[in-house]
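Below you'll find the structure, written out as structure tokens, and then a few comments.
In what follows, chains are A, B, ... by sequence order, proteins preceding strands, each numbered from 1.
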2 protein chains.
Amino acid sequence: MEHRIEKIKKQLQSQSYKLTPQREATVLVLLEHEEDHLSAEDVYLLVKEKAPEIGLATVYRTLELLNELEVVDKINFGDGVSRYDLRKEGANHFHHHLVCMECGAVDEIQEDLLGDVESIVERDFQFKIKDHRLTFHGVCHRCQTEDTAAASETEETEYSSK
Amino acid sequence: MEHRIEKIKKQLQSQSYKLTPQREATVLVLLEHEEDHLSAEDVYLLVKEKAPEIGLATVYRTLELLNELEVVDKINFGDGVSRYDLRKEGANHFHHHLVCMECGAVDEIQEDLLGDVESIVERDFQFKIKDHRLTFHGVCHRCQTEDTAAASETEETEYSSK
DNA sequence: CTTTCGAATTATAATAATTACAATCAAATA
DNA sequence: TATTTGATTGTAATTATTATAATTCGAAAG
């Protein structure tokens, strides 16, 4: 964990940015919640526990910066907020997502899967691919088994969808 | 063109919704701009030309309704606004997009391409896929040829997301 | 060690997208 | 015709995000 912060620090410094305490706290929160898909507001609240004096605008700016450095990916699942997802170590492509339409859970797929598709697209459309976003919407394995077992118990979603 | 409106009308009626003049004007605008990826605001301005008395809230509501009926797909390219994309006639899956990081153009891919990938995902993750979103970010064929022509014009290829 | 300078941060204000609200209107029904 | 129901309107409210201006911090120079 420690060396990942070091690495990010070097990335920042290579572009003459600094790893300020606020930025460090933000990165720490992201590392500790690698599995989740936090919104800027979520990150803000969590960082505040470590560094209560931080401002929301700083969190936005830090996330923006980390996005430019490709440390995090900004993603939108259509619920009105942007979420920030830490890129896996050594990953050269953005991972994919499975969004459950019933419980709201978001699972990740680390495997590439798109290699062939990308070759086809680059050839047929003469489009130089730099990045991709692939999200499947459907029913996760948890909800499938629940559904067959207990008919339809209203399940609260993970995200507070306004 | 006329029969597509008829079809949408029937879809509405089958769920006991009505094709009101405002809804009809909105659908018409969508049909006339099938190639584009309009935001709610864009649609509003265009519909106003046909039906000046329409309100923005009605446009939002109509688009929401059409989205539920799967007549349009709501999509977000990360620029802060939702865009509404008419589903091709007879299409049973949402089409894919190529977003150019240089000129901002958005091209569409109608071919499926994901059949194999979806089989793998459904099997390996026991995830029942209902819908998908696939977007490639990169450089479109137009910008590629421009780039090679005027190779050393601007070194800056940074993509300002806003 | 002190001064200086520029980047970073803060609180707050502004903007932009979207949704909620309350009154009005229109078609459908009795 | 009177009543009910659903749709629309303009506006207000809410939410996410970005811009601003003043302040602080930290490294480099003296």
I'd like a table of atom pairs between the protein and nucleotides 25-29 of chain C - only N or O on both sides, under 3.5 Å - with the distance next to each one.
none

Residues two or more places apart in sequence or in another chain: which of them pass side chain to side chain contact (heavy atoms under 4.5 Å, CB included) with [X]?
| X | value |
| --- | --- |
| A:Glu24 | A:Ile5, A:Leu19 |
| B:Gln15 | B:Tyr17, B:Leu69 |
| A:Lys18 | A:Thr20 |

Tell me: [atom1] of [X] to [atom2] of [N], nearest whole Å?
| X | N | atom1 | atom2 | result |
| --- | --- | --- | --- | --- |
| A:Leu19 | C:dA8 | CG | P | 12 Å |
| A:Arg83 | D:dA16 | CZ | C1' | 12 Å |
| A:Glu41 | D:dT14 | CD | P | 16 Å |
| A:Gln22 | C:dA11 | CD | C1' | 14 Å |
| B:Tyr44 | D:dG10 | OH | C1' | 9 Å |
| A:Leu65 | C:dA8 | CG | P | 8 Å |
| B:Asp79 | D:dA16 | CG | P | 18 Å |
| A:Arg61 | C:dT9 | CZ | C1' | 6 Å |

Ring pair (Phe, Tyr, Trp, His ring centres under 6.0 Å) partners of A:His141, counting only residues at least two apart
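By the ring pair (Phe, Tyr, Trp, His ring centres under 6.0 Å) rule, A:His141 matches no residue at all.
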
Quick one: ring pair (Phe, Tyr, Trp, His ring centres under 6.0 Å) partners of A:Tyr60, sequence neighbours excluded?
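With sequence neighbours excluded, A:Tyr60 shows a ring pair (Phe, Tyr, Trp, His ring centres under 6.0 Å) to no residue whatsoever.
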
Just to be sure I understand the rule, does B:Glu53 reach a base, reach only the sugar-phosphate, or reach nothing, if contact means heavy atoms closer than 4.0 Å?
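Result for B:Glu53 = sugar-phosphate.
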
Hey, does A:Thr58 reach any base, or is it just sugar-phosphate, or nothing, if we go heavy atoms under 4.0 Å?
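It contacts base atoms.
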
For [N], take OP1 and OP2 only and decide whether either is under 4.0 Å from a side-chain N or O of [X].
| X | N | value |
| --- | --- | --- |
| A:Thr20 | C:dT9 | yes |
| B:Tyr60 | C:dT18 | yes |
| B:Arg23 | D:dT8 | yes |

Cut-off 3.5 Å, side chains only: do A:His95 and A:Asp73 have a donor facing an acceptor?
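Checked: A:His95/A:Asp73 side chains show no N/O donor-acceptor pair below 3.5 Å.
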
Do A:Ser119 and A:Asp116 have a side chain donor and acceptor closer than 3.5 Å?
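Absent: no donor and acceptor within the cut-off.
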
Nearest of D:dT17, C:dA20, C:dT18 to any side-chain atom of A:Ser82?
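Output: D:dT17.
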
Residue A:Ala57, side-chain heavy atoms: nucleotide from D:dT9, D:dA7, C:dT10 that is nearest:
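Comparing D:dT9, D:dA7, C:dT10 against the side chain of A:Ala57, the answer is C:dT10.
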
